[in-house]
Amino acid sequence: MSEHISITLNGAPTTLEAGTTGTALFADSASTVVMRVDGELWDLARQIPADAEVQPVSISEPEGLDVLRHSTAHVMAQAVQQLFPDAKLGIGPYITDGFYFDFDVESPFTPDDLKKIEKAMQKIINQNQTFEREVVDLQEATRQMADEPYKLELLGHGQGADSMAEGAGVEVGGDVITVYHNVDRTGERVWSDLCRGPHLPNAKLITNAFAVMRAAGAYWRGQESNPQLQRLYGTAWPTKDDLKAYKERLAEAERRDHRRLGKELDLFSFPEEVGSGLSVWHPKGAVVRGEMEQHARRRHLEAGYSYVYTPHISKSDLFATSGHLGTYAEDMWPPIHMDEERDEQGQVTKQGQDYYLKPMNCPMHILIYAERGRSYRELPMRLAENGTVYRNERSGTLHGLTRVRGFTQDDAHLFVREDQLEEEITKVVDFVLSLLRDFGLEDFELELSLRDEQQEKWIGSEQYWESATQALRNVAVASGLKYTEIPGEAAFYGPKIDLKITDAIGRKWQLSTVQVDPNLPERFDLEYTAADGSRQRPIMIHRALFGSIERFAAILVEHYAGAFPAWLAPVQVRGIPVAEPFNDYLAEVIEKLKRRGVRAELEDGTDRFPKKIRTASKEKIPFVLIAGGDDAESDAVSFRFRDGSQENQVPVDEAVERIVRTIEDREV
RNA sequence: GCCCCAAUAGCUCAGUGGUAGAGCGCAGUCUUGGUAAGACUGAGGUCCCGGGAUCGAUUCCCGGUUGGGGCUCCA
């Protein structure tokens, strides 16, 4: 005699016997790993309540993958504590493409340990362990976690428990406290963790499509003042093929890595003698960079920007006025102390001065504005500079060209009247997008950093915030791009819009930033004379487009995997004669191209023909021109393109035109 | 800055308590006839730097430099 309840299953009303679990309901769907009950993810083993709205969640959909990875993290932690009984548990959430788990252990994990852990995990998985959910009260949770100091802290015991670390939400954070037990075939609880869940019904769903990827240090709760734990990163996928595809994706990213390609293609380097995070650009890299700069420069001039040049170094007063020495000092290089004189006793007879390398260009541009009185007729005034700045980045943060200690910003500062703000912001964002598209980037996302409700944090008038925010929002909407608003992320003086791009293999990069700033004009007491003769204060817009030219070049290297479009390619054309007798014939063709401004060269070395083809191919040269008997007879050349395709006996003049046109049109 | 790992020829990397190797690249010679590696010969090394224990260190230990993976931070 059983009671029935009605529920909504996948949107359709249906009835069930009371007490039915998800396991029973979805018994014939092997890929279902959890269920969504009234919008929340539940373990299948839970009983479905009356009137619930229920949907199955498959292992291969995003939320199912999260669960798979979270459960794999539990299995890993179980394996670690099996092998290292003294290891204390930190947190173990799922992340993009995988998961991690933090441990407090005596000594860090070795590569050998990782293999052992993986093995132990496989053993556990093969045992068909299940995950059991237990709802407990604080007291019971405390009792069960008595040996886990970090878990106790999450439960609110100990210090610092009030500030929740990111990721801690997977441990606690629901309405109730739950502990998950790993239960073996005999029904015995073999491992437990404080955890919100949900989990897979059975560990065997992990199959063998998982891997422990690497070990790294990580601070407890992400705070430097906290103890450093050992973090193990892992990944898990529904099938072995998915895991293979993931590893292939990583391998592809490695092949495209700008540090690797930068060396292989002889673009740039970081000489140890120069110093950490400081790049030098070799001839080929300088071509790519130079083309980028040249093109951007032309576009800027067309858009009404004026280029300026400013020094790399300045007396401290400038950065005191700008406020950088107050708020940004930690990121600045230590000062150079100049001009101090002392007498024989070592007493200072002439006071010295501190000079700083500039961490930003804005103060310099402001000085240009402030050099003389300005009229409202001069605004907007758009000052642009490829300005090299130096920042004292912490050594551990440096990374290839993307995070360095000296880099060149394609920086611009726009001085505008308040009534011009909205229009100018619109123009700037449109300009940024249009220029980035010239470089073959298409996949953009915008991020609006706005103020929040805490009024006292923000300076400036209501009207100013209103119009600046509205301008940014309008332009975001009009762009048709995906955008998110982040309240509270604005600088204290103004909102900003950041632009992120996704490259050819799906990685996201933060590039351009447009920031509204009435604060620096205030600090430097900037003015212009308005139409009515009154003195007014301009508003500044900071804008970097590539962000850092070096970093942007690196992004392009990775985006194109080193195979630059012809207009950016260090070598655009290589002529390869089929055999030596055709050297002179081909040399003439190359000469014609050079006269048209094409970066073309003749390969007249002693390698044999196929070897020369291979070499050109490895250098990713866009056009290989080949000439042999058939070509010479008909006053033609043959194309070999980067993809291996070819086109034979193209008349020389046509070939030249085609190459020149491809470069001019910035085609691939 | 903190934790871990690494550093050997121009590059990628083997290797060793008794001062060192491969492939590619480079140079030379002989070659060169149609789309990803012709053959041979050769040059090239302060085994990152400094200190220590050792009869002896590129190898072991300590410190530093640079790079890498993370944490944190960010263009």
Side-chain angles (χ1 to χ4, degrees), chain A residues 100 102 105 107-111 113 165-166 213-233 254 257 259-260 263-264 266 269-278 328 330-331 359-361 389 391-411 498-499 509-513 542 544-552 554-555 576-583 604-619 624-632 638-642 644-649:
Chain A
Y100 66 79
D102 290 341
V105 280
S107 50
F109 298 109
T110 65
D113 291 338
E166 200 181 340
M213 304 295 283
R214 57 173 169 267
Y219 300 106
W220 168 238
R221 296 181 158 212
Q223 305 249 326
E224 280 178 78
S225 50
N226 285 342
Q228 187 141 28
L229 307 180
Q230 292 303 314
R231 175 170 298 178
L232 289 179
Y233 283 92
E254 205 177 310
D257 192 310
R259 294 167 298 184
R260 178 197 183 100
K263 192 168 270 178
E264 275 175 21
D266 197 14
S269 61
F270 294 87
E272 206 177 311
E273 295 84 341
V274 176
S276 205
L278 299 167
Y328 205 76
E330 276 203 358
D331 297 296
M360 295 189 187
N361 300 302
V389 296
R391 299 184 183 176
N392 185 18
E393 300 292 343
R394 299 164 87 188
S395 60
T397 64
L398 301 174
H399 180 90
L401 281 176
T402 62
R403 194 72 190 282
V404 292
R405 286 193 172 143
F407 63 99
T408 307
Q409 289 183 314
D410 63 326
D411 213 353
D498 288 326
L499 188 138
W509 301 88
Q510 144 102 48
L511 287 179
S512 322
T513 171
H542 303 252
L545 196 155
F546 298 146
S548 139
I549 292 178
E550 290 85 348
R551 175 212 265 219
F552 190 73
I555 291 169
I576 302 181
V578 166
E580 215 218 317
F582 307 102
N583 282 5
D604 57 359
T606 63
D607 283 334
R608 290 174 73 237
F609 180 70
K611 178 59 184 283
K612 291 179 177 179
I613 295 287
R614 177 182 152 90
T615 305
S617 171
K618 287 192 78 165
E619 288 176 41
V624 172
L625 288 188
I626 292 162
D630 300 343
D631 302 290
S638 295
F639 277 95
R640 184 183 200 276
F641 302 100
R642 239 174 340 208
S645 66
Q646 44 189 303
E647 205 175 323
N648 294 333
Q649 280 94 60

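A, B, ... follow the sequence lines: proteins, then strands. Residue 1 opens every chain.
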Whole angstrom is fine here: how far is it from CD in A:Glu273 over to P in B:rU66? 11 Å

Applying the Watson-Crick and G-U wobble criteria at under 3.5 Å, what pairs with B:rG1? Answer none if nothing qualifies. B:rC71

With heavy atoms under 4.0 Å as the rule, sort A:Ser638 into base, sugar-phosphate or nothing. base

From C-beta outward on A:Arg551, which listed nucleotide comes closest to its side chain: B:rG68, B:rC74, B:rC4? B:rC74

For atom CZ of A:Phe109 and atom C1' of B:rC4, their distance in whole Å: 12 Å

Earlier contact from the 5' end, RNA chain B, for A:Arg405 and A:Leu401: A:Arg405

Hey, does the side chain of A:Tyr233 come within less than 4.0 Å of B:rC71's phosphate (OP1/OP2), counting only N and O? yes

Measure from the side chain of A:Lys611, starting at C-beta and using heavy atoms only, and say which of B:rG25, B:rG70, B:rU32 lies closest. B:rG25

Please state how far atom CD in A:Gln230 lies from atom P in B:rC2, giving the value in whole angstrom units. 15 Å

Which is true for A:Gly406 with a 4.0 Å heavy-atom rule: it touches a base, it touches only sugar-phosphate, or it touches nothing? nothing

Going by purine N1 to pyrimidine N3 plus the second Watson-Crick contact, or the G-U wobble pair, all under 3.5 Å, which nucleotide sits opposite B:rU66? B:rA6

A:Arg403 side-chain proximity, nearest of B:rG25, B:rC74, B:rG1: B:rC74

Below 3.5 Å, does any donor atom in the side chain of A:Arg614 face an acceptor in the base of B:rU35, or the other way round? no

Under-3.5 Å donor-acceptor pair between A:Asp631 side chain and B:rG34 base: yes

Per atom distances to the A:Lys263 side chain, the nearest of B:rC11, B:rG33, B:rG69 is B:rC11

Would you indicate which nucleotide in B:rU12, B:rU32, B:rU66 comes nearest to any side-chain atom of A:Arg608? B:rU32

May I ask whether A:Phe407 stacks on the base of B:rA75, given the cut-offs of 5.5 Å between ring centres and 30° between planes? yes

Regarding A:Asn583 and A:Asp604, do their side chains bring together a donor and an acceptor under 3.5 Å, going by distance alone? no

Nearest-neighbour nucleotide for the A:Phe609 side chain, B:rG34, B:rU32, B:rU66 considered: B:rG34

Taking the minimum atom-to-atom distance to the side chain of A:Ile613, which one of B:rU66, B:rA36, B:rU32 wins? B:rA36

Describe the nucleic acid contact of A:Gly400 in one word from base, sugar-phosphate, nothing, applying a heavy-atom distance below 4.0 Å. sugar-phosphate

For A:Ser276, which contact category applies under a 4.0 Å heavy-atom criterion: base, sugar-phosphate, or nothing? sugar-phosphate

Look through every strand shown and name the nucleotide pairing with B:rA39 as Watson-Crick or G-U wobble, where both distances are under 3.5 Å. B:rU29

When you check the phosphate oxygens OP1 and OP2 of B:rC2, does a side-chain N or O of A:Arg231 lie under 4.0 Å from one of them? no

Choose from B:rU72, B:rG69, B:rC2 the nucleotide whose nearest atom is closest to any side-chain atom of A:Thr397. B:rU72

Taken to the nearest whole Å, CD/A:Gln223 to C1'/B:rC3 is 17 Å

Strictly below 4.0 Å: does A:Arg640 bring a side-chain N or O up to OP1 or OP2 of B:rA36? yes

From the set B:rG34, B:rA75, B:rG38, return the single nucleotide nearest to any side-chain atom of A:Arg391. B:rA75

Check the distance between B:rC74's P and A:Gln510's CD and give it to me in whole angstrom. 11 Å

Between A:Gly275 and A:Thr402, just flag the one whose closest nucleotide in RNA chain B comes earlier from the 5' side. A:Gly275

For the side chain of A:His399, starting at C-beta, report the closest nucleotide among B:rG33, B:rG69, B:rG1. B:rG69

